[in-house]
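We name chains A, B, ... by the order of the sequence lines, and we start the count at 1 in each one.
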Protein chains: 2
Amino acid sequence: MTKKPGAREDALPAIAEVFREYGYEGASLALIGARTGLGKGSLYHAFPGGKAEMAEAVLAAIGAWFEETVYAPLRDDPDPRAAIRLMLSETDAYFRSGRRVCLVGAFALTEGRDGFADRIAGYFRDWREALAEALIRAGRPAAEADSLAEDAVLTIQGGLVLARALDDPAVFGRMLGRLEERLVSE
Amino acid sequence: MTKKPGAREDALPAIAEVFREYGYEGASLALIGARTGLGKGSLYHAFPGGKAEMAEAVLAAIGAWFEETVYAPLRDDPDPRAAIRLMLSETDAYFRSGRRVCLVGAFALTEGRDGFADRIAGYFRDWREALAEALIRAGRPAAEADSLAEDAVLTIQGGLVLARALDDPAVFGRMLGRLEERLVSE
DNA sequence: GCTTGTCTGTACCGATCGGTACAAACACTG
DNA sequence: CAGTGTTTGTACCGATCGGTACAGACAAGC
C-alpha cells in the first residue's frame with residue numbers, strides 16, 4: 001500500500017527548469033532524469049503519460065501559482081494599486097529579474113499545438129483579464145484598462161525575450177520600471 | 001565545373017520557415033528536406049556544416065534583410081519619422097500581422113548558446129540602436145530615445161509571443177497601433 | 001566523343017530519442 | 001514474520017536523430 005503523492009510534486013520544479021532551458025523538444029528524458037535524480041522507472045511511475053504529461057503538469061503548476069499569487073489579488077485585493085505593485089514585484093522575483101525565461105512564452109513560440117495550446121492561452125488570458133479588472137477598479141475606463149493590460153502582459157514577455165537575447169538582465173528591470181509608471185502612476 | 005550559387009539562397013526561405021515553426025531542435029533534417037524538396041546530398045552539399053550552418057545562414061539572411069530594409073532607413077533617412085513609420089509597416093508585413101513568429105526571438109528563448117548568441121544579440125542591438133538614432137534625429141532627448149527604442153523592440157517581441165499564445169493575430173495589430181502613438185505622435 | 005568537376009539520391013553509421021517490460025527492492029499492514 | 005502493493009533500476013524496443021560515404025547523374029570544356 002502506501003502512496004507517495006509527494007514524488008510528483010517534488011520533481012516538478014526540476015522538470016520545469018529543464019523545459020524552461022531546453023524547450024519541449026530539447027528536454028530529453030535523459031536530461032530530466034539527471035536533473036531530478038529520478039530514473040526512468042520512477043519518472044514513468046509518477047507520470048504515466050510520459051513527457052507530455054510532465055509538460056502538462058508543469059504548465060498546470062505554473063498556472064496555479066500565478067493564479068494564487070498574482071491574478072487573485074488583482075481581482076480581489078481591496079487596494080488594486082497595491083495588487084498591481086505586487087504583480088510587478090512577484091514578476092520580478094519569479095523571473096529572477098530577467099535571468100529566467102518564461103516557460104509558457106517559450107512553449108507558445110515553438111510548440112506545434114500539442115494540446116498545450118489551451119493551457120498556454122489560458123495563462124495569458126487570465127493574466128490580461130485579472131490586470132484589466134484591477135485597472136478598472138483603480139479608476140481607469142474599461143477600454144483603457146483592456147489596452148493597458150494587454151500591453152503590460154505582452155511587454156513582460158518581450159522583456160524576457162530581449163533580456164535573454166542580449167544576455168542583459170538589466171533590460172528586464174528597466175522594462176518593469178516603465179511598466180510601473182504606465183500602470184500605477186498618474 | 002560550373003557552380004550553382006543559387007541553390008543555397010533558394011533554399012534559405014524554406015529552411016527559415018521550418019526553423020521558425022519548429023525551433024532549432026524541432027527542425028529535423030527530414031523536415032527540412034521535405035520542405036525544400038532537397039535530398040540530404042544536396043543539403044549537405046550546399047551546407048557542409050549541416051544543421052548549424054543552415055541556422056547560421058538563415059540568421060545571417062534575416063539580419064541582412066532587416067539591416068537593409070529597416071535599420072538603414074532609421075539611421076539615414078532624412079525624414080526620421082517616415083523611417084519609423086516604415087519600420088512599423090515593414091514589421092507588420094514581415095511578421096504577417098502577427099501570424100508569423102520571430103525566429104530570432106524563438107532562438108533566443110531556447111537555444112543553449114550554440115554560437116548563435118552573437119548573431120541573436122546583434123540583431124536586437126542593431127534594431128534598438130538604429131531606432132534610438134532615428135528618435136534622436138526626430139528631436140527626442142537621448143535618454144528618452146534609448147528608453148523608447150528598447151521599449152519598442154521588446155514590445156514587438158512580446159506582441160509576437162502573445163499573438164501566438166492566444167492564437168489571435170489582432171493582438172499584434174493593436175500593439176503596433178500603440179507603438180506608433182508612442183514613437184511618432186506628440 | 002571523352003574528361004572533369006558539380007550535383008544528388010541512396011544506403012548506411014552510431015547515438016539518442018521516447019517509451020515499455022519486468023523483476024528486484026522497498027515500505028508498509030496484518 | 002509473511003504478505004501486499006508501491007517504487008525503482010535496468011535492459012530493451014523500434015524509430016528517428018544528425019551526419020557520412022559514395023556511386024551514378026549531370027553539365028560544361030575540349
Side-chain angles (χ1 to χ4, degrees), chain A residues 1-60 103 106-107 110-116, chain B residues 1-60 103 106-107 110-116:
Chain A
M1 280 238 213
T2 63
K3 277 267 181 67
K4 225 181 160 188
R8 208 179 134 106
E9 280 66 28
D10 290 351
L12 273 186
I15 298 178
E17 220 53 42
V18 178
F19 279 127
R20 214 186 290 276
E21 292 176 33
Y22 298 91
Y24 185 74
E25 306 283 349
S28 71
L29 291 186
L31 216 41
I32 295 174
R35 293 278 270 269
T36 55
L38 266 41
K40 277 195 176 187
S42 317
L43 236 27
Y44 271 85
H45 183 75
F47 304 92
K51 200 172 160 180
E53 185 174 344
M54 297 179 207
E56 253 294 314
V58 164
L59 286 172
L103 192 157
F107 271 31
T110 55
E111 254 2 85
R113 308 286 83 80
D114 295 322
F116 304 140
Chain B
M1 279 240 217
T2 67
K3 276 269 183 64
K4 226 181 158 188
R8 206 180 136 106
E9 279 66 27
D10 291 350
L12 273 185
I15 299 178
E17 220 53 43
V18 178
F19 278 128
R20 216 185 289 276
E21 292 176 31
Y22 298 91
Y24 184 74
E25 307 282 349
S28 69
L29 290 187
L31 216 41
I32 294 174
R35 293 279 269 272
T36 53
L38 266 41
K40 277 196 175 185
S42 316
L43 237 27
Y44 272 85
H45 183 75
F47 303 93
K51 201 172 159 179
E53 185 175 345
M54 298 179 207
E56 254 294 315
V58 164
L59 287 172
L103 193 158
F107 271 31
T110 54
E111 256 1 86
R113 309 285 87 76
D114 294 323
F116 304 140

Student: Taking atom C1' of dC17(C) as reference, at what distance in whole Å does atom CG of L31(A) sit?
Tutor: 13 Å
Student: What is the distance, to the nearest angstrom, from the CZ atom on F47(B) to the P atom on dC7(C)?
Tutor: 13 Å
Student: Grab the two heavy atoms, one from A57(B) and one from L12(B), that are nearest each other, plus how far apart they are.
Tutor: CB-CD2, 3.8 Å
Student: In whole angstrom, give the distance that lies between atom NZ of K40(A) and atom P of dT7(D).
Tutor: 20 Å
Student: If you only use heavy atoms from C-beta on, which nucleotide in dC17(C), dT20(D), dG19(C) is closest to the side chain of A30(A)?
Tutor: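 Looking only at side-chain atoms, A30(A) lies closest to dC17(C).
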Student: Considering the options K40(B), M54(B), E17(B), which one meets the side-chain contact (heavy atoms from CB on, under 4.5 Å) requirement together with I32(B)?
Tutor: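 Of all the options given, the one that passes is M54(B).
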Student: In whole angstroms, how far is the C1' atom of dG19(C) from the CE atom of M54(A)?
Tutor: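 Taking atom C1' of dG19(C) as the reference, CE of M54(A) is at 10 Å.
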Student: Please give, in whole Å, the distance from dC12(C) C1' to L29(B) CG?
Tutor: 15 Å
Student: Contact class for A27(A) (heavy atom, under 4.0 Å): base, sugar-phosphate, or nothing?
Tutor: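 Contact class for A27(A): sugar-phosphate only.
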Student: Please pick, from dT20(C), dC17(D), dG18(D), the nucleotide with the shortest atom-to-atom distance to any side-chain atom of Y44(A).
Tutor: dT20(C)
Student: Side chain of H45(A), heavy atoms from C-beta onward: which of dT8(C), dT7(D), dG18(C) has the nearest atom to it?
Tutor: dT7(D)
Student: Parallel, tilted or perpendicular for Y24(A) and F107(A), by the 30°/60° rule?
Tutor: perpendicular
Student: Between A27(A) and Y22(A), what is the shortest heavy-atom contact and its length?
Tutor: N-CB, 3.8 Å
Student: Counting only side-chain heavy atoms from C-beta out, which of dT8(C), dG19(C), dG18(D) sits nearest to K51(A)?
Tutor: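 Among dT8(C), dG19(C), dG18(D), the one nearest the side chain of K51(A) is dG19(C).
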Student: At under 4.0 Å, does any side-chain N or O of S42(A) touch on OP1 or OP2 of dG9(D)?
Tutor: yes
Student: Would you kindly give the CD-to-P distance between E25(B) and dT16(C), to the nearest whole Å?
Tutor: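 So the two atoms are 14 Å apart, to the nearest Å.
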Student: Could you tell me the separation between the OH atom of Y22(B) and the P atom of dC17(D), rounded to a whole number of Å?
Tutor: 12 Å
Student: Rounded to the Å, how far apart are L38(A) CG and dT10(D) C1'?
Tutor: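 For the pair L38(A) CG and dT10(D) C1', the rounded distance is 15 Å.
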Student: Any non-hydrogen side-chain atom of L59(A) less than 4.5 Å from a side-chain atom of F19(A)?
Tutor: no
